[in-house]
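Contents: one structure, followed by commentary.
Worth saying up front: this structure is predicted, and the values here are computed from it rather than measured. Numbered from 1 within each chain, the chains take letters A, B, ... in sequence-line order.
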Amino acid sequence: MSVYDTLNKEQKKAVLTTEGPLLLLAGAGSGKTRVLTHRIAYLIEELGVSPWNILAITFTNKAAEEMRERLNRIIGFGAEQIWAATFHSTCVRILRRHIDRLGFDNHFTIYDADDQKSVVKDICKRFGIDTKQTREKEFLNVISSAKDKLISPLEYRSQTRGDFTKRRYGEVYEEYQEVLRRNNALDFDDLIVKTVELFKTCPEVLENYQNRFCYISVDEYQDTNRAQFELIRLLAEKSRNLCVVGDDDQSIYKFRGADIRNILNFEQVYPEAKVIKLEQNYRSTGNILNAANAVIRHNKGRKDKALWTDRGEGSNVHFRQFDTAYEEADYIVGDIVSKVSGGTRKFGDFAVLYRTNAQSRLLEERLITEGIPYDVVGGVNFYSRREIKDVLAYLKTIDNGLDEVAVKRIINIPKRGIGPSTIARLDDYAQMRDISFYEALEDADNIMDLGRPIAKINAFVTLIRTFRTKAEFMSISDLILDILEKIDYKSYVDSFAEEDAEDRIHNVEELVNKAVSFQEARDQGSLSEFLEEVALVADIDNMNDDGNRVLLMTLHSAKGLEFPAVYMAGMEDGLFPSYQAANAEDPSELEEERRLAYVGITRTKEDLTLTSARTRMLRGETQYNTVSRFVKEIPEELLDGGTVWGRKQWQRMGEGGDDFGNGTAWGRSARKGAGSFAAAENGSSRSEARDFRPKAVLRPKTTAKADKPFIAKGMDSLNRLAGVSKGMPKQAPAAVDYAEGDRVSHVKYGLGTVLHLEKDVRDIKVTVDFDRAGQKIMYASFAKLKKV
DNA sequence: TTTTACTTCGTTTTT
DNA sequence: CGAAGTAAAA
């Protein structure tokens with residue numbers, strides 16, 4: 001039993017409390033994952049519970065993966081039988097089996113935000129709704145929050161009968177669901193909602209899962225919404241062995257429907273529930289913890305608790321204020337460099353956290369010029385890149401012809417001369433005959449007033465048919481490559497994106513690689529499975545910590561992670577807390593921001609630095625901000641304000657700064673006064689070397705960003721970024737100077753062995769087995785492999 | 001039908 | 001400032 005002796009008293013109690021409902025209030029860094037995994041191990045090894053009867057739910061794939069890894073390590077046998085997955089993937093797995101009972105086809109596709117938006121856009125057009133007055137996003141917000149609360153279109157309508165505008169929302173909601181059904185598609189919220197619906201309409205299916213999942217645990221419980229609560233409630237109804245783990249102070253997803261009452265009222269719903277608090281923190285030093293406690297104390301309506309540690313005080317929390325955001329970035333990067341060269345830290349020890357994704361840009365620019373390896377988590381999701389979505393739309397069309405959004409996306413990609421008016425005609429026809437859009441395409445010959453485009457449509461249908469046949473026997477990666485070749489995607493990309501064509505092709509190659517590794521992992525998974533996996537990954541899931549790189553991410557993405565040294569940048573009122581949260585009439589919005597600050601602070605093990613800038617460019621305008629109130633909530637004795645900007649000074653300035661009207665100068669006057677260029681250059685030219693544009697050089701396009709294993713290696717990568725390739729041959733090389741079996745090197749992946757060479761229509765397809773990065777397939781003209 | 005030139009508008013946060 | 005969307009021209 002020695003394994004369990006490493007736990008503290010409360011942790012041990014939590015591990016041993018296996019029967020009945022259990023609420024585990026686990027503060028940041030209190031070892032909750034450890035408790036969860038040990039608890040499961042205890043169930044299996046000491047109580048003889050079958051791994052097959054255990055369900056462990058998390059929010060991110062990364063967390064699920066970590067859970068599985070740890071379980072593998074501590075459980076000798078059968079760990080892989082434990083169902084450890086996210087809410088969403090759990091639901092997909094269940095729905096793939098049973099959704100036909102709800103009138104869907106089991107090959108349903110999953111819609112992301114883009115797809116949802118185009119559905120709503122289409123509806124608005126048909127309903128004659130002006131999307132300038134009410135944006136698509138607004139409708140989607142309403143729909144999503146209704147779904148979070150398990151309110152069906154019907155219920156929504158009856159609840160909002162009196163209100164004219166809301167009735168409108170109801171109509172759109174209803175039609176939206178109708179369209180999704182026709183397209184055989186589900187959005188993210190539907191995954192949960194439909195599973196609940198399935199359980200409620202098919203008791204025997206529910207019972208089946210109730211019998212299987214005898215022990216259920218849910219991580220990050222404070223972030224669950226009503227629908228997720230209901231899902232869990234149903235599953236646990238029979239066994240009532242439900243262990244939820246959460247921290248109300250870390251609830252930061254209210255905007256996504258998280259209902260904190262799930263955790264606050266747990267004991268009412270489960271009167272027999274036991275409650276255990278974990279308050280000992282094993283992560284941070286005393287000063288950091290006290291700072292975190294001091295900040296969160298300003299929130300009302302939280303479960304009372306205070307983290308403590310028996311580690312020493314550690315160093316103070318650092319705070320620096322700068323004139324401009326450039327100087328802020330400059331300082332952070334410089335500080336990292338000096339600590340690394342001083343030998344106290346390595347790059348991988350650092351994380352820079354910020355409120356909004358846009359803030360990453362400046363930091364990246366500095367990091368690149370300093371040649372520091374870094375990763376950005378988030379930003380534009382890999383799978384929402386235009387080029388990736390194009391390819392995926394082809395795959396979706398092949399897999400599920402009912403998915404109208406996908407078909408419409410690619411019907412004219414590359415340009416085939418099928419324009420909006422033709423599509424409108426096809427739409428009308430489909431509507432009239434009550435068939436799907438794709439079926440209308442197949443029926444093009446019978447549509448009278450179509451005219452010339454008929455031939456083009458037929459060609460498209462034939463193309464898709466060919467792909468469908470090939471999909472039967474081809475691997476997914478080969479299918480993708482075949483699609484790329486047949487539609488000549490490369491020239492298409494060249495035509496619409498001259499500058500960053502290379503990056504885009506690179507991204508597509510990366511997708512091929514993902515397909516390869518997917519198939520290796522799953523031993524030939526189906527196309528549906530691939531598309532589903534792709535739809536459910538978040539950016540954080542792709543993060544691998546084995547690179548010794550500085551990490552940049554939003555505070556939201558940082559939840560659940562920890563780092564020896566953390567910078568929280570942009571600690572300014574108006575940015576963090578955000579302008580709208582600070583000015584909202586509902587004080588809970590500000591409290592949510594404060595929890596975010598709490599999350600950020602508690603990511604830190606040893607070194608925490610808070611920074612802010614007096615001036616910051618936001619959408620082309622200069623904004624004047626005062627120091628964040630969250631900084632001011634930290635007691636003076638825990639802070640170390642540096643020599644130049646002592647606390648007194650910034651406090652005085654902060655108070656004076658209020659003249660700016662909460663620190664924000666929104667008016668156009670600021671810009672006009674400075675002249676349209678001056679505003680942009682002000683900050684940079686004044687502070688010496690900040691003007692290192694042309695920006696085309698440093699930041700070709702956002703595409704380069706999340707292309708994640710991006711290692712800035714001095715000039716090499718700078719040249720790559722600078723688009724030096726522009727002068728390079730666009731046309732593929734007729735031959736390459738390496739052959740199968742040769743050793744080659746790649747800018748990004750390093751050394752590898754050429755496995756296979758294949759001549760394409762206009763390029764050479766190279767398969768390389770890289771020592772570090774594994775097997776990759778790439779086009780010779782873009783890969784620029786060097787023989788070694 | 002496609003390309004271009006111009007206008008508008010926005011930033012929280014994401015499974 | 002830039003992306004994205006709209007109106008007009010080719």
Is it the case that A/Arg96 places NZ or CZ above or below the six-membered ring of A/Phe108, under 6.0 angstrom from the centre and within 45 degrees of the axis?
yes

Going by 5.5 Å between centroids and 30° between planes, is there a stack of A/Phe255 over B/dT13?
yes

Is the shortest distance from a Lys or Arg side-chain nitrogen in A/Asp115 or A/Lys396 to a carboxylate oxygen in the other one below 4.0 Å?
yes

Has A/Lys415 got a side-chain N or O lying under 4.0 Å from the OP1 or OP2 atom of B/dT3?
yes

5'-most contact on DNA chain B: A/Ile418 or A/Ala581, nearest heavy atom basis?
A/Ile418

With respect to the side chain of A/Asn357, which nucleotide from B/dT2, B/dT11, B/dT14 is positioned closest?
B/dT14

Rounded to whole angstroms, how far apart are CG on A/Leu575 and P on B/dT13?
10 Å

Atom-to-atom span, NZ of A/Lys137 to C1' of C/dA4 - whole angstrom
15 Å

When you measure from the side-chain N and O atoms of A/Thr554 to the phosphate of B/dT14, is any distance below 4.0 Å, counting only OP1 and OP2?
yes

With the side chain of A/Arg135 defined as its heavy atoms from C-beta on, choose the nearest nucleotide among B/dG10, B/dT2, C/dG2.
B/dG10

Does A/Thr422 have a side-chain nitrogen or oxygen under 4.0 Å from the phosphate oxygens OP1 or OP2 of B/dT1?
yes

C/dG2 P sits how many Å from A/Leu362 CG, rounded?
13 Å

Quick one: is B/dT15 close enough that its OP1 or OP2 comes under 4.0 Å of any side-chain N or O from A/Asn225?
no

Nearest-Å distance, CD (A/Gln359) to P (C/dC1)?
20 Å

Euclidean distance, atom CZ of residue A/Phe59 to atom C1' of B/dT13 [Å, nearest integer]:
15 Å

Salt-bridge contact A/Asp427-A/Lys125 (side-chain N to carboxylate O under 4.0 Å)
no

Check this for me, if you would: do A/Lys194 and A/Glu197 make a salt bridge, where the nitrogen-to-carboxylate-oxygen distance has to be below 4.0 angstrom?
yes

A/Arg361 CZ - C/dC1 P separation (whole Å):
11 Å

What is the separation between atom CD on A/Glu136 and atom C1' on C/dA4, rounded to the nearest whole Å?
11 Å

Using the six-membered ring wherever Trp is involved, compare the ring planes of A/His556 and A/Tyr253 and label them parallel, tilted or perpendicular (cut-offs 30° and 60°).
tilted

Counting side-chain heavy atoms from C-beta on, which of C/dG5, B/dT13, B/dT15 comes nearest to A/Arg256?
B/dT15

Strictly by Watson-Crick or wobble contacts shorter than 3.5 Å, is anything paired with B/dT15, and which nucleotide is it?
none

Between B/dT1 and A/Ser421, is there an OP1 or OP2 to side-chain N/O distance shorter than 4.0 Å?
yes

Does A/Phe87 stack onto the base of B/dT15, taking stacking as ring centres under 5.5 Å apart and planes under 30° apart?
no

Heavy-atom donor-acceptor pair, A/His556 side-chain to B/dT14 base, under 3.5 Å:
no

Both A/Ala358 and A/Gly417 contact DNA chain B. Which one's nearest nucleotide lies toward the 5' end?
A/Gly417

